[in-house]
Engineer: 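One structure is given below, represented as structure tokens, and several questions about it will come after.
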Amino acid sequence: QVQLVESGGGSVQAAGSLRLSCAASRYTVGSGCMGWFRQAPGKEREGVAGIYRVGGSTTYATSVKGRFTISQDNGKNMVYLQMNNLKPEDTAMYYCAASLRSCISYGALSELSYDYWGQGTQVTVSS
């Protein structure tokens, strides 16, 4: 059973930065992908950033492109989300997700691609 543990959330003022980390246990490099999702109160969960385990291609939601960067360290089974120039609308619970199968069909920003989820870490951005 894959386990995902997020860390790095917190409170920050607008224009600030945070770096989220996701530690994956019992997860080996394969054809899948890993991603970051977020859910704000009263809103649906949305894909923020995704990265393909082999090759390292990345994809981003339009709302975060140019501000957020997803990266991975396969040797340590870690995935990171560097968030810069944060805005109040980025306030949400952020979740790490992992897929053991190909993400080509649905893409790395779709929940349908993922098999495992972390418990989430809260990010709050004040104006």
Side-chain angles (χ1 to χ4, degrees):
Q1 181 81 2
V2 174
Q3 293 183 336
L4 305 173
V5 179
E6 303 98 334
S7 61
S11 297
V12 64
Q13 289 190 331
S17 297
L18 283 173
R19 188 192 193 208
L20 304 184
S21 299
C22 174
S25 60
R26 305 188 188 96
Y27 183 52
T28 58
V29 174
S31 60
C33 58
M34 293 191 73
W36 287 96
F37 288 73
R38 67 185 181 187
Q39 187 168 23
K43 294 187 177 181
E44 294 186 355
R45 188 159 57 184
E46 63 171 341
V48 173
I51 187 165
Y52 292 84
R53 296 283 280 174
V54 178
S57 296
T58 58
T59 184
Y60 297 93
T62 301
S63 59
V64 307
K65 197 171 293 183
R67 299 188 297 122
F68 290 11
T69 302
I70 187 171
S71 61
Q72 63 185 355
D73 183 335
N74 287 344
K76 296 181 179 179
N77 263 351
M78 296 289 295
V79 175
Y80 307 96
L81 185 67
Q82 178 67 43
M83 305 185 295
N84 297 328
N85 191 20
L86 283 161
K87 303 176 181 181
E89 51 263 42
D90 294 319
T91 295
M93 185 71 78
Y94 282 72
Y95 299 91
C96 176
S99 171
L100 296 177
R101 49 197 165 87
S102 173
C103 301
I104 297 299
S105 296
Y106 299 108
L109 295 182
S110 171
E111 291 187 47
L112 296 174
S113 291
Y114 293 93
D115 306 296
Y116 300 98
W117 297 84
Q119 293 300 307
T121 185
Q122 178 68 37
V123 171
T124 302
V125 184
S126 59
S127 58

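Residue indices begin at 1 and follow the sequence shown. No hydrogens, no waters, no symmetry mates; every other heavy atom, side chains included, goes into these values. These numbers come from a predicted model, not from an experiment.
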Engineer: State the CD-CZ distance between Gln3 and Arg26, to the nearest 0.5 angstrom.
Structural biologist: 4.5 Å
Engineer: Does the side chain of Ser21 come within less than 4.5 Å of Met78's, by heavy atoms?
Structural biologist: yes
Engineer: Identify the heavy atoms of Pro88 and Ser126 that sit nearest to each other, and give their distance.
Structural biologist: CG-C, 4.5 Å
Engineer: Do you reckon Phe68 sits in the same ILVMFWY cluster as Val125, going by side-chain contacts under 4.5 Å, direct or chained?
Structural biologist: yes
Engineer: Shared ILVMFWY cluster between Val64 and Val123, side chains joined below 4.5 angstrom?
Structural biologist: yes
Engineer: Report yes or no: do Leu4 and Tyr114 belong to one cluster of Ile/Leu/Val/Met/Phe/Trp/Tyr joined by side chain heavy-atom distances under 4.5 Å?
Structural biologist: no
Engineer: Begin from the C-alpha positions of Gln122 and Thr91 and carry the test side chain to side chain contact (heavy atoms under 4.5 Å, CB included) through to its verdict.
Structural biologist: CA-CA 8 Å; Gln122 178 68 37; Thr91 295; 4.1 Å; yes
Engineer: Just jot down the salt bridge (charged side-chain N to carboxylate O under 4.0 Å, His left out) partners of Glu46, sequence neighbours excluded, or say none.
Structural biologist: Arg38
Engineer: With a 3.5 Å distance limit and no angle check, can you tell me whether Glu6 reaches the backbone of Gln119 through a side-chain donor-acceptor pair?
Structural biologist: yes
Engineer: Does a side-chain heavy-atom distance below 4.5 Å link Tyr60 with Ile70?
Structural biologist: yes
Engineer: Between Leu18 and Leu86, does the side chain to side chain contact (heavy atoms under 4.5 Å, CB included) criterion hold? Intermediate values first, please.
Structural biologist: CA-CA 8 Å; Leu18 283 173; Leu86 283 161; 4.1 Å; yes
Engineer: Enter the distance from Met93:CE to Thr121:OG1 here, rounded to the nearest 0.5 Å.
Structural biologist: 7.5 Å
Engineer: For Tyr94 and Ala92, work out which heavy atoms get closest and say how close.
Structural biologist: CD1-O, 3.3 Å
Engineer: Kindly work out whether a path of hydrophobic side-chain contacts (I/L/V/M/F/W/Y, heavy atoms less than 4.5 Å apart) joins Tyr106 to Met34.
Structural biologist: no
Engineer: So which atom in Cys22 and which in Trp36 form the shortest heavy-atom distance, rounded to 0.1 Å?
Structural biologist: CB-CZ2, 3.6 Å
Engineer: Side-chain contact test, heavy atoms from C-beta onward, threshold under 4.5 Å: evaluate it for Gln1 versus Tyr116 and give yes or no.
Structural biologist: yes
Engineer: Give me the atom names and distance for the closest heavy-atom approach of Gly47 to Ala61.
Structural biologist: O-CB, 3.4 Å
Engineer: Mark yes or no for whether Ser99, through its side chain, and Ser113, through its backbone, hold a donor-acceptor pair below 3.5 Å.
Structural biologist: yes
Engineer: Does any non-hydrogen side-chain atom of Met83 lie less than 4.5 Å from one of Val48?
Structural biologist: no
Engineer: What verdict does the side chain to side chain contact (heavy atoms under 4.5 Å, CB included) test give for Phe37 and Leu109, after you've listed the backbone C-alpha separation in whole Å, the side-chain angles of each residue and the deciding distance to 0.1 Å?
Structural biologist: CA-CA 8 Å; Phe37 288 73; Leu109 295 182; 5.6 Å; no
Engineer: Are the side chain of Gln72 and the backbone of Cys33 linked by a donor-acceptor contact shorter than 3.5 Å?
Structural biologist: no
Engineer: Please evaluate residues Asp73 and Tyr80 with respect to the criterion side chain to side chain contact (heavy atoms under 4.5 Å, CB included), reporting the C-alpha separation (whole Å), side-chain torsions for both, the decisive distance (0.1 Å), and the verdict.
Structural biologist: CA-CA 8 Å; Asp73 183 335; Tyr80 307 96; 4.2 Å; yes
Engineer: Between atom CG of Leu81 and atom OG of Ser71, what is the distance when rounded to the nearest 0.5 Å?
Structural biologist: 8.5 Å
Engineer: Within the structure provided, determine whether Trp117 and Arg45 are in side-chain contact (heavy-atom separation under 4.5 Å).
Structural biologist: yes
Engineer: Would you find a donor on one side and an acceptor on the other, under 3.5 Å apart, between the side chain of Tyr52 and the backbone of Thr59?
Structural biologist: no
Engineer: With rounding to the nearest 0.5 angstrom, report the OG to CD distance, Ser127 to Gln13.
Structural biologist: 9.0 Å
